[in-house]
Amino acid sequence: RPRRSHEFVVLRLLPHDSPVHRLWAGTKLLIVLEIGIMLSFRPTWPALGVAAAIVAVGVVAARVPAGAVPRLPRWIWVLALADALLTLRSGAHPVVHVGSVDLSLGGLSDWALLVGLALVILAAALLVGWTTPLGDVAPALARLTAPLRALRLPVDEWVVAVGLAIRSLPLLIEEIRTLFAVSRLRRPATRERVRWRRRVGMAVRDVEGLLSTAVVVALRRARDLADAIEARGGLAVPTTTSAPPGATDAVVLVTVAAVIAAVLILL
């Protein structure tokens, strides 16, 4: 049976149309910001449930297929399980006694809450990437941060930097994926057993080589991008041809803001 590939795919726009796709990019960014503010002031299970419900409604409205969800490598789950086991020995109350071993259920609850917060924020960010063209993010940021120009802040430079970073992230991910493929091809195809110390040393050398190569590739890409920008006459504030925010955006934004305000006041 062929082994499934575990590729972490991000910032890939889903090609179909949905109500979430038709929302203005700035509206979705503001909703993610509101969710982050709510979880920062109320990092509790009820607030996490409300945030997860908001993201779930967005996922259903956007008709996100199951295949779009990135599959994390197995080693991430192994590290998460090891972290959970170590948290059981943290000593946070309540503590249960299993024989001569003390297990911290309070620490495990805090760990689960932290993981849940991270997953909800990640899901919200992925939802924006699934439903928003990359070219619409920087212009939306330019409109949202326009009032800051009155404070003489370098808003245009910030927006251009964010736009370039968003545009370059898929290229960097593709380069890293290529480097991993090359590393697997260069690895000797041997099945002989080696000592775990040697195996760890080989893994460390592989990671060190990949990191140095990734830095060199990123610098080369940055130089080529800088040359292209200079040849075109310098930087300019991004513009978009997408529709401006409308009544639907206002209704969605006010509804989410009201729900989050109720959580902050009542919970």
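When a residue number appears, it is its place in the shown sequence, counting from 1.
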Chemist: So, Ser18 side chain and His21 main chain: donor-acceptor pair closer than 3.5 Å or not?
Modeler: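 A pair under 3.5 Å: yes.
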
Chemist: Mind listing the closest non-hydrogen atom pair of Thr132 and Lys28 along with its distance?
Modeler: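 Looking at all heavy atoms of both residues, the closest pair is OG1-NZ, 2.8 Å.
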
Chemist: Report yes if the side chains of Leu29 and Leu33 come closer than 4.5 Å at any heavy-atom pair, otherwise no.
Modeler: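 Not touching, per the 4.5 Å side-chain cut-off.
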
Chemist: When you group the ILVMFWY residues by side-chain heavy-atom contacts below 4.5 Å and let the links chain together, are Val120 and Val20 in the same group?
Modeler: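 No, it is not one cluster - the side chains of Val20 and Val120 are not joined through contacts under 4.5 Å.
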
Chemist: Quick check: is Leu86 connected to Leu103 through a chain of hydrophobic side chains (ILVMFWY, heavy atoms under 4.5 Å apart)?
Modeler: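 Cluster IDs for Leu103 and Leu86 differ.
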
Chemist: In Å, rounded to the nearest 0.5 Å, how long is the span from CG of Leu105 to OG1 of Thr87?
Modeler: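 Answer for the CG-OG1 pair, Leu105 versus Thr87, is 12.0 Å.
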
Chemist: Pairs under 3.5 angstrom only: tabulate donor-acceptor contacts from the side chains of residues 246-253 to other protein residues two or more places apart or in another chain.
Modeler:
{"residue": "Asp249", "atom": "OD1", "partner": "Trp24", "partner atom": "N", "Å": "2.7"}
{"residue": "Asp249", "atom": "OD1", "partner": "Thr27", "partner atom": "OG1", "Å": "2.9"}
{"residue": "Asp249", "atom": "OD2", "partner": "Gly246", "partner atom": "N", "Å": "2.9"}

Chemist: Do you reckon Leu79 sits in the same ILVMFWY cluster as Leu114, going by side-chain contacts under 4.5 Å, direct or chained?
Modeler: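 Different hydrophobic clusters.
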
Chemist: At what distance, to the nearest 0.5 angstrom, does CD1 of Ile31 lie from CG of Leu127?
Modeler: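 The distance works out to 9.0 Å.
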
Chemist: Could you list who else is in Leu266's hydrophobic cluster, with ILVMFWY side chains joined at under 4.5 Å, directly or through other members?
Modeler: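 Direct or chained contacts put Leu266 with Ile265.
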
Chemist: How long is the straight-line distance from CG of Leu108 back to CG of Leu113, given to the nearest 0.5 Å?
Modeler: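 If I round to the nearest 0.5 Å, the distance is 11.5 Å.
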
Chemist: With rounding to the nearest 0.5 angstrom, report the CG to CG distance, Leu13 to Leu134.
Modeler: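 Interatomic distance, Leu13 CG to Leu134 CG, rounded to 0.5 Å: 8.0 Å.
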
Chemist: Specify the closest pair of heavy atoms between Arg143 and Pro245, including all atoms of both residues, with the distance to one decimal.
Modeler: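 Closest approach of Arg143 to Pro245: NH1-CD, 3.1 Å.
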
Chemist: Out of curiosity, Leu39 CG to Leu264 CG, how far, rounded to the nearest 0.5 Å?
Modeler: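 Reported to 0.5 Å precision, the distance equals 9.5 Å.
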
Chemist: Please report the C-alpha distance between Thr145 and Val159 in whole Å, then the side-chain angles of each, then the deciding distance to 0.1 Å, and finally whether the side-chain contact (heavy atoms from CB on, under 4.5 Å) criterion is met.
Modeler: CA-CA 9 Å; Thr145 56; Val159 171; 3.9 Å; yes

Chemist: Looking at Arg149 and Asp156, what are the two nearest heavy atoms and their distance?
Modeler: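 Closest approach of Arg149 to Asp156: NH2-OD1, 2.8 Å.
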
Chemist: To the nearest 0.5 Å, tell me how far Ile121 CD1 sits from Leu126 CG.
Modeler: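 Between atom CD1 of Ile121 and atom CG of Leu126 there are 11.5 Å.
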
Chemist: Tell me whether Val259 shares a hydrophobic cluster with Ile37, the cluster being built from Ile, Leu, Val, Met, Phe, Trp, Tyr side chains joined at under 4.5 Å.
Modeler: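 Per the 4.5 Å side-chain linkage, Val259 and Ile37 are co-clustered.
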
Chemist: With side chains defined as the heavy atoms from C-beta onward, is the minimum distance between Trp158 and Leu141 less than 4.5 Å?
Modeler: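 In short, these two side chains do not touch, never coming nearer than 4.5 Å.
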
Chemist: For residues 45-69, dump all side-chain donor-acceptor pairs below 3.5 Å to protein atoms at least two apart in sequence or in another chain.
Modeler:
{"residue": "Arg63", "atom": "NH1", "partner": "Asp17", "partner atom": "O", "Å": "3.3"}
{"residue": "Arg63", "atom": "NH2", "partner": "Asp17", "partner atom": "O", "Å": "2.3"}

